[in-house]
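Side chains included, hydrogens not; waters and symmetry mates left out as well; all remaining heavy atoms used.
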Amino acid sequence: MVFTDLIEVKTALGIDRDNTSQDAKLSLFITWACSWIEGYLNRPLFQRERTEYYAGTGTQKLLLRARPVMATPTPRVFVSERGLYGNTEDPFPSTSELTYGDGGLSLFVDREDGGSNCGILVRPIAAWPKPYVRQPGYLSPYLGEAFGNIKVIYTGGYTPDTLPDEIALAAVELVARMRGYFPLAMPVSSESYEERSISFAVRDQNFLMGQVKYRLSRYRNWRW
């Protein structure tokens with residue numbers, strides 16, 4: 001799904017909305033820009049019900065990928081040592097489901113509607129489990145890595161009306177940069193009119209995304 005529409009982009013670029021000569025190209029740029037931004041943010045942005053698998057952190061907090069997380073419907077959480085991202089037989093039986101809201105599991109609530117902008121599931125009296133591993137040569141077991149031992153069913157992400165303006169603006173800026181980049185596939189620093197002469201800017205792998213990253217960094221999943 002795209003974060004901005006063709007009319008918004010044309011208005012920002014000073015193109016008359018009745019001028020359709022660039023519509024196909026701009027629509028393509030919009031699709032690319034939104035895909036790049038979502039990839040950079042390392043998180044899905046639009047709201048829907050999701051079923052995701054996580055590895056235990058060994059702490060009381062678990063960061064969900066899609067934010068904000070809605071309080072309704074209530075997130076369902078299953079914990080199973082043999083979960084393995086759902087790739088085993090009956091990996092998360094009904095007996096592995098945690099009871100939500102009984103003091104043992106809750107969202108970190110920071111919204112008036114009871115949802116969570118930060119998207120953190122907390123266990124106040126327990127930790128998200130990691131397995132104990134025993135290795136030859138060690139006298140005692142230690143906490144190893146967990147692999148898909150937590151399954152979460154929840155509704156998370158933005159609606160078109162709640163998407164932050166900074167993300168939409170970053171998409172428009174990226175489209176504008178793409179428009180100046182193609183069809184030569186190089187950034188132009190100057191161009192003369194008579195007997196046309198073109199000078200190209202120094203190439204930089206961050207030329208397109210580099211100018212919008214600062215707007216997006218606070219929305220990014222740096223690790224999960």
Side-chain angles (χ1 to χ4, degrees), residues 1-13 23-55 57 61-78 85-86 100 105-122 128 148 150-179 181-182 205-224:
M1 189 176 293
V2 297
F3 315 147
T4 185
D5 60 32
L6 187 60
I7 296 300
E8 289 179 341
V9 169
K10 291 171 76 171
T11 300
L13 296 180
D23 283 8
K25 178 172 67 175
L26 292 176
S27 296
L28 183 62
F29 292 166
I30 290 171
T31 300
W32 288 350
C34 294
S35 177
W36 289 9
I37 288 172
E38 196 165 46
Y40 174 74
L41 294 180
N42 197 25
R43 57 185 277 202
L45 288 176
F46 283 95
Q47 188 180 118
R48 64 175 177 83
E49 184 179 89
R50 306 173 186 279
T51 298
E52 296 175 344
Y53 298 91
Y54 296 84
T57 61
K61 299 178 180 180
L62 182 71
L63 176 65
L64 300 180
R65 297 187 183 103
R67 304 187 296 278
V69 176
M70 303 296 106
T72 305
T74 301
R76 299 180 64 194
V77 182
F78 302 78
Y85 302 99
Y100 186 86
L105 173 66
S106 179
L107 279 172
F108 188 98
V109 177
D110 55 7
R111 291 167 55 98
E112 292 183 357
D113 61 5
S116 177
N117 284 317
C118 64
I120 295 176
L121 278 173
V122 294
W128 296 103
I150 300 168
K151 174 183 175 181
V152 185
I153 303 173
Y154 70 105
T155 298
Y158 298 107
T159 65
D161 293 333
T162 61
L163 183 76
D165 290 339
E166 286 178 300
I167 296 179
L169 176 57
V172 174
E173 287 182 323
L174 192 51
V175 169
R177 295 179 72 79
M178 288 180 177
R179 185 166 172 253
Y181 187 73
F182 292 101
Q205 62 178 349
N206 280 322
F207 172 75
L208 292 176
M209 281 293 292
Q211 296 300 311
V212 301
K213 285 182 178 179
Y214 77 98
R215 295 192 187 280
L216 302 171
S217 59
R218 72 189 185 97
Y219 299 101
R220 192 180 189 194
N221 268 352
W222 293 97
R223 61 177 297 181
W224 32 262

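- Summarising the geometry, atom CG belonging to L169 is positioned 11.0 Å from atom CG belonging to L174; distances are rounded to the nearest 0.5 Å.
- Atoms NZ and CD1, from K61 and I120 in turn, are 5.5 Å apart once rounded to the nearest 0.5 Å.
- Between atom OG1 of residue T51 and atom OH of residue Y154 there is a gap of 9.5 Å, rounded to the nearest 0.5 Å.
- The two residues T74 and Y100 have their closest heavy-atom pair at CG2-CD2, 3.2 Å.
- R220 places a side-chain N or O within donor-acceptor distance of the main-chain N or O of Y40, the cut-off being under 3.5 Å.
- In plain terms, the two heavy atoms of D113 and A71 that are nearest each other are O-CB, 3.9 Å.
- In terms of heavy-atom proximity, A171 sits nearest to C34 at CB-SG, 4.4 Å.
- Listed here is the closest heavy atom pair of G119 and V69: CA-CG2, 3.7 Å.
- Contact detail for E38 and R43: the closest heavy-atom pair is CG-O, 3.3 Å.
- Atom CD of E49 sits about 13.0 Å away from atom CE of M70, to the nearest 0.5 Å.
- Atom OH of Y219 sits in a crowded spot, with more than 12 heavy atoms from other residues, nucleotides or ligands closer than 6.0 Å.
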Given L28 and K25, is the side-chain contact (heavy atoms from CB on, under 4.5 Å) satisfied, shown in steps?
CA-CA 5 Å; L28 183 62; K25 178 172 67 175; 5.8 Å; no

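- The local environment of CG in D165 is sparse, with at most 12 non-hydrogen atoms from other residues, nucleotides or ligands closer than 6.0 Å.
- In this structure, M178 CE and W32 CH2 are separated by 7.0 Å, a value rounded to the nearest 0.5 Å.
- Among all heavy-atom pairs drawn from L62 and A55, the shortest one is CD1-O, 4.0 Å.
- In this structure, CG on N117 lies 11.0 Å from CG on L107, to the nearest 0.5 angstrom.
- Listed by chain and residue number, F92 satisfy the ring pair (Phe, Tyr, Trp, His ring centres under 6.0 Å) test with Y53 (two or more places apart in sequence, or in another chain).
- Here the options are D110, L64, V109, L121, the test is side chain to side chain contact (heavy atoms under 4.5 Å, CB included), and the partner is S116; only D110 passes.
- In this structure, S35 contributes its side chain and T31 its backbone to no donor-acceptor pair below 3.5 Å.
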Would N221 and L63 satisfy side-chain contact (heavy atoms from CB on, under 4.5 Å), going step by step from the backbone distance to the final call?
CA-CA 9 Å; N221 268 352; L63 176 65; 4.0 Å; yes

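- Looking only at distances, a side-chain donor or acceptor of S27 sits under 3.5 Å from a matching main-chain atom of D23.
- For the pair R65 and Y54, the cation sits on the ring face: its NZ or CZ lies under 6.0 Å from the ring centre, inside 45° of the axis.
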